[in-house]
Amino acid sequence: MEKTYQPEQIETRWYERWEADNRFAPTGRGKPFSIMIPPPNVTGSLHMGHAFQDTIMDTLTRWKRMQGNNTLWQVGTDHAGIATQMLVERKIAAEEGKTRHDLGRDAFIDKVWEWKEESGGHITRQLRRMGASVDWSRERFTMDEGFYKAVQEVFVRLHEEKLIYRGKRLVNWDPTLHTAISDLEVENREQQGSFWHFRYPLADGVKTADGKDYVVVATTRPETLLGDTGVAVNPEDGRYASLVGKFIELPLVGRRIPIVADEHADMEKGSGCVKITPAHDFNDYEVGKRHNHLLINVFTKDATILERAEIFDLKGQPQPDEDTTLPTKYAGLDRFEARKQIVADMDALGLLEQEESVNNTLPYGDRSGDVIEPLLTDQWFVAVETLAKPAIEAVANGSIQFVPRNYENMYFAWMRDLQDWCISRQLWWGHRIPAWYDVEGNVYVARSEEEARENHGLGADVALTQDEDVLDTWFSSGLWTFGTLGWPEQTPELETFHPSSVLVTGFDIIFFWVARMIMMTLKFTGEVPFKTVYVHGLVRDGQGQKMSKSKGNVLDPIDLIDGISLEALLEKRTGNMMQPQKAKAIAKATRDEFKDGIEAHGTDALRFTFLSQATTGRDIKFDMNRLDGYRNFCNKLWNASRYVLMNAEGEDCGTGGEEVELSLADRWIISQLQKTEAQITRAMDEYRFDHASQALYEFVWNEYCDWYLELSKPVLWDVHATLEAKRGTRRTLVRVLEAILRLAHPMMPYISEEIWQRVSPLAGTYMGEGASIMHQAWPEADESKIDEQATRDIEWLKGVIIAVRNIRAEMNIAPGKPLDVLLTKGQPEDAERLESNRRFLAKLAKLESATWLANPDDAPLSATQLVGDMEVLVPMADLIDKDAELARLAKEIEKQDKLIGGIEKKLGNDGFIAKAPVAVVEKERSKLAEFQAAKQLLEEQQAKIAAL
RNA sequence: AGGACCAUAGCUCAGUUGGUUAGAGCGCCACGUUGACAUCGUGGAGGUCGGCGGUUCAAAUCCGCCUGGUCCUACCA
């Protein structure tokens, strides 16, 4: 073995081997366990959030596989409609100077497929680097033929049940991308804006109660004035009661619009009057509905002003008889230009009462960066109310459990307040809506054009055209768990692996994906999509900032694995930026944080870091220092294994079941191993990967390496040790290490496999050529091997060793100088303990001799330490530093005093004695006795030294 | 504005049903090249558990208020 751990030499090799040996596929034996990967964007690349999530899924999968489950981790990618389309549009613009419209729909779609073929492997290659044990033979893509079938089927069936309908409604419109987008794709950003207070003149000579011939309304979007259909006042508002039913003469437009009473108007806000623009505001739409207003749309799809308004009733029917006149001067103006112009014109008319500066939050499209406009368009919707009921029930009755539990509240909160879901997108890349129109605009929903004709008796002479729009990506990903298993066919996979066992996902998409999956899956399979939802936090940078390309703080997991030079990192972060002006600041921040670039750490260390940070919190501040630490941990494990192999290979390890003699250390480490196995299994059961990783770390480093390996040396290097003793120690060394490797494997697959291949033959668990740790049994704790006596004895031994080391450090005695040590007082068994552990003591504490002193009064002048109530004495007649020792003792006594004081206070409290459980009181009393005894011994020692 | 979550060592985080001498890793200080490992070893320093109040014999832990932070919803007249 190499002297240090070199991950790059083993990782890729092992992954290729596992994949070639088809180790990832379900075995077909055991209880089914399945995880469906949350599909990443096919043309995207792996970010830290993916890497984190994939680590958790792989750890679960490998663990369940080792436990003998029939395990499927199914992988796949998402077509990510808008993101992918934009990417390809930008690419053809750059390379060919063309738009998608220049190419036409079919040619453009071909381009997207080409790009998918070219770049689609990127993210799956990265997944492989992370060690993901996914069944590649079952890889799925949301645009696959089979999956598209499922999508169509769902659409058609929902439509048949009238749970999908088409309507003219307000949606979040992205004027740059020309499509509706979901709430998820809207980012609310706060900023400085203006609030314009306008005077709206009353028609017909009407006056307000205080004699004015106008009312004041305020708006942040003056351009929507053109589409106003009324002014609302609160029904309780005495100031305006007389105006209800009267009219306004809408400035600039001249339209007569009514004043209505509606509780949407808040008496406290502004003047208490609010303008109503049902076609351009979600709240106003509701108000308009209550008062039967028309919808007056004044925007084009580019959010410029129309020449003539488009007027519809609330059912979306055009109203050809209405007056659509708009002022000609605004026609064609961009909404923000129109805003300026309208403000200026109102001002010129003396109707601008005030311009107020306010902070307000505006919706932005997260892809385009454009301000989202509520716009009236024809869209397809899912009526979610009936779907939501069983979905709420499934979580309420425990069929689906969230981990951590508190996310269930978030789920319920959202589910209780559902809006119908707009599923159509004005894109080209995606699942085209299975609906056809004839020339009259009648719509036929079917699985194909043929079926549409058949079902509706339409002859070949009737021209049909398919809906131009595609479905929201979340619509198809809502079908992910069952659509990928072959539904609507009743496949064996569907039978075996659905419902899936666990969904691993971030809390940010609970609403958009998790909730919709639950609704759709219950509806179409009658089953929940998954039994458990493990919700993790968001990976942030070391400062707690969200990682984003525009902030220039993203880390590529692969760079943490392989390392990257500062230059390459700078290029990655500042090259090809959307906002080049930020490059300088980003470069500086990057130089400050990574002045020498990033070292290679290997996949296992990265995975272990993620797991150790997988706590129940919502933010995961990625910690480079911990990454370093866990790389070191890998090295520790590596070197411990080197030691074991050096001492075991070619030696008698008792593989054949030969007689052995187990030392105290052997019995102790075996006992500790059982506890660790139980601990790790429990932590995994509870999804506490931080606890699991810590338990492993602790056992490997602080018990196996720090103590057991050291304790094995006196046996192995002792020429007088019996054959059985040496065999016993070697057997324990290799068996415990072999178990460690199996425990580590789900978390650190590569290093555990690499070492296991060498260790397992020695441990007698080798299954022959071609065996892999991947399919070995998960270690089960054996209670009968827990040896509390051994634990106590080792604790005693450690106590003595630490006491001597402590004296050395405090007294400035060279670490290598052999010492003569005396033990005295203590318990009757302590003398025996000394006898049976002399060789361990001698080696680990570097003693010349260790002697039991029957009569404490015979003790020479010494530096002392307490181990329980036993004294460890290092005679120091010649070299004692009186002051140092007195100072040390004083400190110790002070510490004891503090403890004693605390307990005395407790015991002095009558209420405590009367009300606390007896066991608690007893415990305090025995602690008090212990501390007092210790203090007494220290004081005796202090007196002795002081008398010098 | 409403709601949720969070606040523990210099940093990143654990801390079960209230009873622990409040822990870990990293960092820091001192010492150390014995044959697994300097990606290491040994020893050590460092916390009034955000603040105030309450419940209790007992609070890091339960409750209330305050401060600070994050997120969601809403407002965006």
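We name chains A, B, ... by the order of the sequence lines, and we start the count at 1 in each one.
Comparing B:G47 with B:U20, their C1' atoms sit 15 Å apart, to the nearest whole Å. Of the P atoms belonging to B:G27 and B:U42, the separation is 15 Å, rounded to the nearest Å. The gap from the P atom of B:G69 to that of B:U8 amounts to 14 Å, rounded to the nearest Å. Taking atom C1' in both B:C57 and B:C62, one finds a spacing of 16 Å when rounded to whole Å. Taking atom C1' on both nucleotides, B:A22 is separated from B:U16 by 15 Å, rounded to a whole Å. B:U39 and B:A4: their C1' atoms are spaced 42 Å apart (whole Å).
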N/O contacts under 3.5 Å, protein versus nucleotides 39-41 of chain B?
residue : atom : partner : partner atom : Å
B:U39   : O4'  : A:N632  : OD1          : 3.0
B:U39   : O2'  : A:N635  : ND2          : 2.5
B:U39   : O2   : A:R631  : NE           : 3.4
B:C40   : OP1  : A:N632  : ND2          : 3.0
B:C40   : O3'  : A:K636  : NZ           : 3.1
B:G41   : OP1  : A:K636  : NZ           : 3.1
B:G41   : OP1  : A:W701  : NE1          : 2.5

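Within the 4.0 Å cut-off from OP1 or OP2 of B:C37, at least one side-chain nitrogen or oxygen of A:K3 is found. For A:K905 and B:A58, the shortest distance from a side-chain N or O to OP1 or OP2 is not below 4.0 Å. For A:K621, a side-chain nitrogen or oxygen approaches OP1 or OP2 of B:U12 to under 4.0 Å. Close to B:U21, at under 4.0 Å from its OP1 or OP2, lies no side-chain N or O of A:K898. Remark: A:N806 is in phosphate contact with B:G44, judged by side-chain N or O atoms under 4.0 Å from OP1 or OP2.
No engagement by A:E922 is indicated, since no non-hydrogen atom pair under 4.0 Å with the nucleic acid exists. Nucleic acid contact class of A:A265 (heavy atoms, under 4.0 Å, all strands): base. Here A:R808 lies out of heavy-atom contact (under 4.0 Å) with every strand. Nucleic acid contact class of A:H197 (heavy atoms, under 4.0 Å, all strands): none. At the heavy-atom level, A:N283 lies under 4.0 Å from the strands shown only through sugar-phosphate atoms.
Whole-Å rounding puts the A:L538 CG to B:C72 C1' distance at 13 Å. Here the C1' atom of nucleotide B:U73 and the CE atom of A:M410 are 10 Å apart, to the nearest Å. Between the CG atom of A:D690 and the P atom of B:U16 there is a distance of 12 Å, rounded to whole Å. Look at CG on A:L716: it is 17 Å from P on B:G35, rounded to the nearest Å. Across the protein-nucleic acid pair, A:F622 atom CZ and B:C26 atom C1' stand 13 Å apart, rounded to whole Å. Computed from coordinates, the A:M415 CE to B:A4 P distance equals 20 Å when rounded to whole Å. Here B:G32 presents its P atom at 14 Å from NZ of A:K846, a figure rounded to the nearest Å. Here the P atom of nucleotide B:C11 and the CZ atom of A:R540 are 18 Å apart, to the nearest Å.
No N or O donor and acceptor, one from the side chain of A:E924 and one from the base of B:A58, sit under 3.5 Å apart.
Going from atom CZ of A:F507 over to atom OH of A:Y407 covers 5.5 Å, rounded to the nearest 0.5 Å.
Minimum interatomic distance between A:R808 and A:P815 (heavy atoms only, all atoms of both residues): NH1-O, 3.4 Å. Considering every non-hydrogen atom in both A:I751 and A:C634, the closest pair reads CD1-O, 3.3 Å.
Under the 3.5 Å distance criterion, the side-chain polar atoms of A:R839 are left unmatched by any main-chain donor or acceptor of A:V715. Side chain of A:D284 to backbone of A:T277: a donor-acceptor contact under 3.5 angstrom is found.
Out of B:C13, B:U21, B:U20, the shortest distance to the side chain of A:T615 is found at B:C13. The side chain of A:R642 has B:C37 as its nearest neighbour among B:G25, B:C37, B:G19. Distances from the side chain of A:H691 to the nucleotides B:A36, B:C5, B:A14 place B:A14 closest. Set against B:C57, B:G43, B:U12, the side chain of A:D623 has B:U12 as its closest nucleotide. Minimum atom distance to the side chain of A:R618 is reached by B:A4, of the listed B:A4, B:A36, B:A14. Of all nucleotides listed (B:G19, B:C37, B:U20), B:G19 comes nearest to the side chain of A:P917. The side chain of A:V920 approaches B:G19 more closely than any other nucleotide in the set B:U70, B:G35, B:G19.
For an aromatic pair to be called close, the ring centres must be under 6.0 Å apart, and A:F610 with A:F52 satisfies this. You'll find the ring centres of A:H197 and A:F195 inside the 6.0 Å limit.
Place A:S194 and A:Y630 on RNA chain B by their nearest nucleotides, and A:Y630 ends up nearer the 5' end. RNA chain B is contacted by both A:Q613 and A:K915; A:Q613 maps to the nucleotide lying nearer its 5′ end (nearest heavy atom per residue).
Aromatic ring orientation, A:Y630 versus A:F633: perpendicular (interplanar angle above 60°, classes split at 30° and 60°).
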